[in-house]
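Worksheet for the structure shown next.
All chains are named by letter (A, B, ...) in the order of the sequence lines, taking the proteins before the strands, and each is independently numbered beginning at 1.
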Amino acid sequence: MDGAASLNGALRRVPVWAVCGLGLVPLAVLVWRGLSGGLGIDPVKTLEHQLGLTALQLLLAGLVVTPLRRWTGVNLIRYRRAIGLLAFLYAALHLLVWLWLDLQLRWSEIGADLVKRPYVIVGMLGFACLVPLAMTSNGWSVRRLGAAAWQRLHRLAYAAVLLAALHYLLLVKVWSAEPLLYALAAAGLVALRWLWRRGRSGTVRA
Amino acid sequence: MRKGFRTDLRWSDVTPKEKWLNRRQLMAGAGALVLAAPALAQGTAAPGRYSTDEPPTSLEDISGYNNFYEFGYDKEDPARLAQGLTVDPWSVVIDGLVDRPGTYALDDLLSGVTLEERIYRFRCVEAWSMVVPWVGFELAALLGRVGVQPGARYVAFETLLRPEEMPGQRGGTIEWPYREGLRLDEAMHPLTLLATGIYNEPLPKQNGAPIRLVVPWKYGFKSIKSIVRISLVADRPQTTWNMLQPNEYGFYSNVNPQVDHPRWSQASERRVGGGLLAPRIDTLMFNGYADEVASLYAGMDLTRDF
């Protein structure tokens, strides 16, 4: 644990805003690529896909914080709120690109997709899970709701990450490694919580 | 067009694309006949009937955005990974219910055919589309030459199987070689092409060099690439996407805005090439070729025979 302790010590000097800045780098890269024509032949698809993928990666990163602390002692808990809010930002931009650049506000088709297409329904449900989480990711809400209720509410993150991974899996035309690995990671990280709860080791909750 | 085009002109003699494109715009304006003659004299294919007057997608986009799973799943993979494909020598086996079966060298297939340009809309099942200036000849001309026997009702096609040069064939869930098929009347339809070029250049490898099928009223995956076998058969052949997901990809796979893919809508499509604000347009029945092909499917329930 010595390594972990010194790492935690070093991390104490890394402010939360630095993590936020880091999390905005993929967005800045996308904007730069968009402005310089570097998003490829179908820039809309690239943008949509990259924003969605980054959201999924951040959701998974948020779920890694607790196992990392339990298993290695490295404590990233104070960055978790920033990670979650960044995930929401990327998911919201992903949705916006789909509505505006991809479907180009063709509301009748959007409406049909929302009731008929499993991948769209699953994706929207995932986003819907993130909305209350983003709205309550502040100290005032934690105090207002009480720690226990707040924590219960934030278990929606498990549903969100599973829905997001399923959303990706439902889109591909043939089975390929990438969406399957993300789905496995999401299922594994959520299953861990379930195992911990069943084990009732008591103090540690995620 | 590579060798069968009996002429002593070389590719260096071809009109540079920019000039040719300018000429094309002029032609669209006025005096098409006057200007068409010099274009022909310089070795370009004859402008064919059925061409759309919609602006063609750029060669860069057509050859940089491909679904050719033999070279990877990503659209950019084929342009990168197909360059090692050997396309010369190339031969095509023609067998089954034909009078003159055999293994035909590509030169052989192209000798005596008139190559023409066909500017067709191309609609992918993934709801994007392009406009492609193909160079090729009608499949019907080839079928006429080899002699279709009375029992033949379908035409089956196969892509090259060469995992050493096609990295996508070394794994994955697709049963190689890629195969496709048409009903005989679809194959004989004058819109159905065997293409050997685009923009008056030989087909780029990632676009299915040296010879591919083009069936403009069907989703793009029906237009099988890098063909090595054409069989005339009595029974409906197995086709790759139908084998993979029969409820998503029917044998016919005609472009139809009213019949959705089970997982996404086919009502509209995005035209590739317009950047971030590429327009989404309504998808047309039979990809806009209904006047030519709707009669082939008279009386059929297209929601069932999709």
Check your understanding: Centre of F71(B)'s six-membered ring, under 6.0 Å away, within 45 degrees of the axis: is that where NZ or CZ of K205(B) sits?
Key -> no
Review point. So, the side chain of S253(B) versus the backbone of Y249(B): is there a donor-acceptor pair under 3.5 Å, distance only?
Key: no
Check your understanding: Quick one: what part of D74(B) sits under 4.5 Å from any heavy atom of chain A, side chain, backbone, both or neither?
Key -> neither
Practice item. Mind ranking T46(A), V172(A), D102(A), V97(A) by heavy-atom pairs under 4.5 Å with chain B and telling me who comes out on top? Key: D102(A)
Review point. Between E248(B), H261(B), Q245(B), E126(B), which shows the greatest number of heavy-atom pairs under 4.5 Å with chain A?
Key: E126(B)
Exercise for review: Output the option from K116(A), Q104(A), K45(A) having the highest count of non-hydrogen pairs under 4.5 Å with chain B.
Suggested key: Q104(A)
Review point. Given a strict heavy-atom distance threshold of 4.5 Å, which part of D113(A) is in contact with chain B: side chain, backbone, both, or neither?
Key: side chain
Review point. So, do F88(A) and F127(A) have ring centers that fall under 6.0 Å from each other?
Key: yes
Review point. By a 4.5 Å heavy-atom criterion (distance strictly below it), what part of Y73(B) contacts chain A: side chain, backbone, both, or neither?
Key: side chain
Review point. With a cut-off of 6.0 Å (strictly less than), are more than 12 heavy atoms of other residues, nucleotides or ligands near CD of E60(B)?
Key: no
**Study point:** Proximal component of L244(B), with respect to chain A [non-hydrogen, under 4.5 Å]
**Key:** side chain
Revision key, fill the gap. So, the part of S268(B) with a heavy atom under 4.5 Å from chain A: the answer is both
Point to revise | Stacked cation flag R69(A) on W71(A), 6.0 angstrom / 45 deg | key: no
Exercise for review: Taking the six-membered ring of W176(B) (Phe, Tyr or Trp), confirm whether the NZ or CZ of R162(B) is under 6.0 Å from its centre and within 45° of its axis.
Suggested key: no
Check your understanding: Considering only heavy atoms, which portion of R270(B) lies under 4.5 Å from any heavy atom of chain A: side chain, backbone, both, or neither?
Key -> side chain
Practice item. Between chain A and each of S265(B), A267(B), A127(B), count heavy-atom pairs under 4.5 Å; write down the option with the most. Key: S265(B)
Check your understanding: In terms of heavy-atom proximity below 4.5 Å to chain B, should L170(A) be classed as side chain, backbone, both, or neither?
Key -> backbone
Practice item. Identify which one of F122(B), Y120(B), W217(B) satisfies the ring-ring contact (aromatic ring centres under 6.0 Å, His included) criterion when paired with Y289(B). Key: Y120(B)
